[in-house]
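In what follows, a structure is listed as structure tokens, so that the remarks can point back to it.
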Amino acid sequence: MNDKKLAILGASGHGKVVADLAEQLGYVVHFYDDAYPNKTMIEHWPIEGTFDDLLMLDSTQTDVAVAIGHNKTRQQKIALLLDKDFTIPTLIHPSAVVSQYAKLQHGCVVFAGAVVNAFADIGKGVIINSSAVVEHDCSIGDFSHICPNTALAGGVIVGTGCWLGIGSQVKQLVELGDYCLIGAGSTVLKNIPSHVTAFGSPAIVIRHHN
Ligand SMILES: CC(=O)SCCNC(=O)CCNC(=O)[C@H](O)C(C)(C)COP(=O)(O)OP(=O)(O)OC[C@H]1O[C@@H](n2cnc3c(N)ncnc32)[C@H](O)[C@@H]1OP(=O)(O)O
């Protein structure tokens, strides 16, 4: 347990789950969101200011979690916070099972019931959502989001900023490029290039995007 302050950027549904997790880890949480001052509360938690207000805090006294689901926005905000010397811890739910041989960089969240198996390599700012399974030897690129109940078999490689939709699954050793979006419930059997949306079982590329 600790009683360190954690500023949470993003007063959203995802932010609420991050707050719940952080409190279980002993943090005292404070929300920040650019909707302030029009929005001043999220559930029972006060929103104390905007992102600019957060940047004015003493980085030696307050850690930060960026609870923004949009991968590129989360990437940008984390970069700005690191420039100001904030610590962005990785938060792991007590019920998640993370191998002693897995590596996770800063700014990740691993939610309830998730499994990160041996020698998985998880980049910065990654969301491993509830009950997701990241099997042995997987590599997850920075700022990706593995949605609830998604399962990655052994040795899967996921690029930067990918979004793997709820309940999707990826066959062993398959590689996904950067910033790709895999639709909910899809089964990915073959490599997927960067900057595409793919879905279905088996998943096929539906469109290209930036
Ligand atoms: C804790 C949390 O909440 S984490 C968030 C979890 N959320 C998710 O995982 C959502 C992931 N998003 C999806 O799967 C979306 O459907 C997307 C992004 C793949 C596609 O979204 P859009 O581009 O808006 O597509 P849209 O909804 O208009 O559907 C277009 C067509 O594709 C089909 N389609 C859309 N998604 C899928 C899918 N995942 N699998 C199969 N077919 C799909 C639709 O049925 C529709 O078909 P139709 O034209 O025959 O009616």
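Just so you know, residue 1 is the first one in the sequence shown, and it goes up from there. Numbering of ligands and ligand atoms starts at 1, following listing order.
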side-chain hydrogen bond (donor to acceptor under 3.5 Å, both in side chains): which pairs involve residues 36-49, sequence neighbours left out?
K16-E43, E23-W45, H30-E48

Please list every donor-acceptor pair under 3.5 Å in which a side-chain atom of residues 65-74 meets a protein atom from a residue at least two apart or in another chain.
{"from": "H70", "atom 1": "ND1", "to": "T73", "atom 2": "N", "distance (Å)": "3.3"}
{"from": "H70", "atom 1": "ND1", "to": "T73", "atom 2": "OG1", "distance (Å)": "2.8"}
{"from": "N71", "atom 1": "OD1", "to": "R74", "atom 2": "NH1", "distance (Å)": "3.1"}
{"from": "N71", "atom 1": "OD1", "to": "R74", "atom 2": "NH2", "distance (Å)": "2.9"}
{"from": "N71", "atom 1": "ND2", "to": "G161", "atom 2": "O", "distance (Å)": "3.2"}
{"from": "N71", "atom 1": "ND2", "to": "C162", "atom 2": "O", "distance (Å)": "3.0"}
{"from": "R74", "atom 1": "NE", "to": "G125", "atom 2": "O", "distance (Å)": "2.8"}
{"from": "R74", "atom 1": "NH1", "to": "I68", "atom 2": "O", "distance (Å)": "2.8"}
{"from": "R74", "atom 1": "NH1", "to": "G69", "atom 2": "O", "distance (Å)": "3.2"}
{"from": "R74", "atom 1": "NH2", "to": "G125", "atom 2": "O", "distance (Å)": "3.2"}
{"from": "R74", "atom 1": "NH2", "to": "F143", "atom 2": "O", "distance (Å)": "3.0"}
{"from": "R74", "atom 1": "NH2", "to": "S144", "atom 2": "O", "distance (Å)": "3.3"}

Determine which pairs satisfy salt bridge (Lys or Arg N to Asp or Glu O under 4.0 Å) with at least one residue from residues 146-159, sequence neighbours left out, and list them in order.
none

Side-chain (H209) to main-chain (V196) donor-acceptor, under 3.5 angstrom:
yes

Whether S59 side chain and F86 backbone form a donor-acceptor pair below 3.5 Å:
no

Give one line per pair: atom of ligand 1, protein atom, distance. Only N/O to N/O under 3.5 Å.
{"from": "ligand 1", "atom 1": "9 (O)", "to": "I166", "atom 2": "N", "distance (Å)": "2.7"}
{"from": "ligand 1", "atom 1": "14 (O)", "to": "A184", "atom 2": "N", "distance (Å)": "2.8"}
{"from": "ligand 1", "atom 1": "23 (O)", "to": "R207", "atom 2": "NH1", "distance (Å)": "3.3"}
{"from": "ligand 1", "atom 1": "23 (O)", "to": "R207", "atom 2": "NH2", "distance (Å)": "2.9"}
{"from": "ligand 1", "atom 1": "39 (N)", "to": "A184", "atom 2": "N", "distance (Å)": "3.1"}
{"from": "ligand 1", "atom 1": "39 (N)", "to": "A184", "atom 2": "O", "distance (Å)": "2.8"}

Taking all non-hydrogen atoms of both residues, which atom of H106 and which atom of L82 are closest, and how far apart?
NE2-CD1, 3.5 Å

